[in-house]
Amino acid sequence: MSARGEQRNRVLIAGGGIGGLAAAVGLAQRDHAVLVLEKAPALGEIGAGIQLGPNAFHAFDYLGVGEDARAMAVYIDALRLMDALTAEEIIHIDLGERFRARFKNPYAVVHRGDLHGVFLRACRAHHNVELKVNSEVVGYEQNGTHVTARLASGEAHTGSVLIGADGLWSNVRKQVVGDGPPRVAGHTTYRSVIPADQMPEELRWNAATLWAGPKCHLVHYPLSGWKVFNLVITCHNEARQPAAGVPVSEAEVMQGFAHVHAKARKIIHTGSDWKYWVLCDRDPVDKWVDGRVALLGDAAHPMLQYMAQGACMAMEDAVCLSRMVEAFPGDLGQALEAYCARRILRTTRVQLQSRAMGEHVYHPDGAHAQLRNAIMRAKTQEDWYNTLEWLYGGSGLGEHHFG
Ligand SMILES: Cc1cc2nc3c(=O)[nH]c(=O)nc-3n(C[C@H](O)[C@H](O)[C@H](O)COP(=O)(O)OP(=O)(O)OC[C@H]3O[C@@H](n4cnc5c(N)ncnc54)[C@H](O)[C@@H]3O)c2cc1C
């Protein structure tokens with residue numbers, strides 16, 4: 001085939017975030033030439049920590065980056081839920097040997113940049129992947145055999161399919177689904193990273209810890225080989241304007257947390273260089289495919305962070321997409337339909353359950369909070385593992401657990 005013919009058979013991916021790069025790796029390994037078009041002038045990730053359930057490790061292994069990914073993770077012992085008003089533990093979920101044996105993989109926390117770096121190295125090392133920055137995809141045209149992505153610069157690139165992995169504000173989604181801007185959740189998240197020795201000594205737990213309080217919560221966990229702690233605190237303050245990574249003073253941060261226990265407030269005081277995000281998600285939709293174009297990751301199913309699964313779902317999408325492209329070698333349109341059909345119920349469940357957890361676990365008050373504590377305390381470790389089976393026991397390839 002001529003060089004031009006080969007180029008027209010490339011897979012185009014809009015977006016070089018965790019989802020886009022994971023998909024590039026998976027497709028390249030199945031002998032597809034891939035062109036990643038990234039809007040930003042450089043490939044990277046902002047923000048600090050990310051939690052990874054065992055399902056993320058199933059995805060790493062499938063994508064051939066398991067060893068590299070395992071090397072940069074911090075393996076935590078427990079998920080701890082604290083009552084932010086009383087500073088008492090409500091429950092913890094043990095992530096030790098029994099958890100690992102049950103789900104065949106660990107639970108870990110990683111730096112976002114490190115996770116993105118794992119996929120970026122794998123892309124750079126693969127001759128099938130080309131990465132192009134300063135390349136914002138603004139729309140596409142397609143016929144029966146090819147699709148052409150149009151860039152803001154006026155350039156155009158033609159390929160066999162286009163994957164819209166361009167995040168929450170996806171331009172590709174505008175054309176595939178056309179459901180307007182994301183839903184502003186009214187929750188503001190503040191993030192800071194602190195040196196580990198600044199974390200109050202009595203709270204330097206090897207756990208991902210959630211302090212749940214009325215209309216607010218705090219999350220902290222160690223990162224980067226225990227050098228730092230990641231602080232992510234959120235308040236349900238009815239914010240209406242979307243925002244991402246805006247610097248904010250400590251005084252402003254504290255406004256939503258005046259009512260929590262002194263121990264929890266002390267954690268906030270250790271933070272510095274706070275930045276805030278106003279959280280958005282979308283209602284699930286039942287189709288992310290338009291002919292030769294499909295969505296992936298946040299572009300397909302943006303969710304609130306309350307199940308810590310957005311990036312995990314994006315990586316599972318990449319696994320499923322690669323597998324379906326392999327399963328339907330002569331018919332990429334059918335491969336995209338099969339990918340969407342296998343992913344949609346699982347990601348819908350995570351989107352909706354993330355919202356519900358915000359309401360019923362992270363932010364309740366009064367009797368609602370007491371009920372949360374009573375229900376959660378009544379569960380054994382085995383009950384928790386059973387509750388999590390559908391999520392952590394799945395590979396995202398289409399098997400559904402509705403138990
Ligand atoms: C506070 C917070 C905490 C979170 N914690 C967790 C967690 O613990 N665990 C977890 O699994 N997930 C977590 N998430 C979710 C996770 O960050 C996202 O789901 C994940 O990063 C989505 O990856 P993506 O590649 O789909 O999108 P993005 O990371 O948004 O990447 C999209 C990429 O596309 C580029 N782009 C945008 N538009 C265009 C365009 N038109 N053309 C070309 N390129 C474009 C962007 O520059 C970017 O590089 C959290 C999210 C938040 C907000």
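Atoms within a ligand are numbered from 1 in the order they appear, just like the ligands themselves. Predicted, not measured: the structure shown is a model, and the values here were computed from it.
Backbone and side-chain nitrogen or oxygen atoms of C312 are examined, and one is located within less than 3.5 angstrom of a nitrogen or oxygen of ligand 1. Between R112 and ligand 1, an N or O atom pair is found at a separation short of 3.5 Å. Considering backbone and side-chain atoms together, V232 places no N or O closer than 3.5 Å to any N or O of ligand 1. For ligand 1, none of its N or O atoms has an N or O atom of Y221 under 3.5 Å away. An N or O contact shorter than 3.5 Å links A308 to ligand 1 by distance. Not one N or O of E136 is nearer than 3.5 Å to an N or O of ligand 1, by distance alone. Close N/O approach between A14 and ligand 1 is not found [any backbone or side-chain N/O within under 3.5 Å]. Of the polar atoms of D298, at least one N or O is found under 3.5 Å from an N or O of ligand 1, judged by distance alone. At a 3.5 angstrom cut-off on N or O pairs, G49 does not count as close to ligand 1.
At least one heavy atom of R191 sits closer than 4.0 Å to an atom of ligand 1.
Taking every heavy atom of L37 and a limit of under 4.0 angstrom, the matching atoms of ligand 1 come to 43 (C), 44 (N). Of all atoms in ligand 1, numbered sequentially from 1 with element shown, those under 4.0 Å from a heavy atom of I18 are 25 (O). Atoms of ligand 1 lying under 4.0 Å from any heavy atom of G167, numbered from 1 in the order shown and given with element: 27 (O), 30 (O), 32 (C). Of all atoms in ligand 1, listed by their number and element, those nearer than 4.0 Å to a heavy atom of G297 are 26 (O). Every atom of ligand 1 with a heavy atom of S135 under 4.0 Å away is listed here by number and element: 42 (N), 43 (C). Applying the 4.0 Å criterion to heavy atoms of A165 picks out, from ligand 1, the atoms 32 (C), 33 (C), 34 (O).
A donor-acceptor pair is defined here as one N or O able to donate and one able to accept, closer than 3.5 Å; such a pair exists between the side chain of S160 and the backbone of R10. In this structure, the side chain of E359 does not engage the main chain of P364 through any donor-acceptor pair within 3.5 Å.
Note: H217 and Y306 meet the aromatic proximity criterion, with ring centroids under 6.0 Å apart. In this structure, the ring of Y385 has its center less than 6.0 angstrom from the ring center of F99.
Side-chain contact of H301 with D317: a donor-acceptor pair under 3.5 Å is present, judged by distance alone.
At a heavy-atom distance under 4.0 Å, atoms from both the backbone and the side chain of K39 approach ligand 1.
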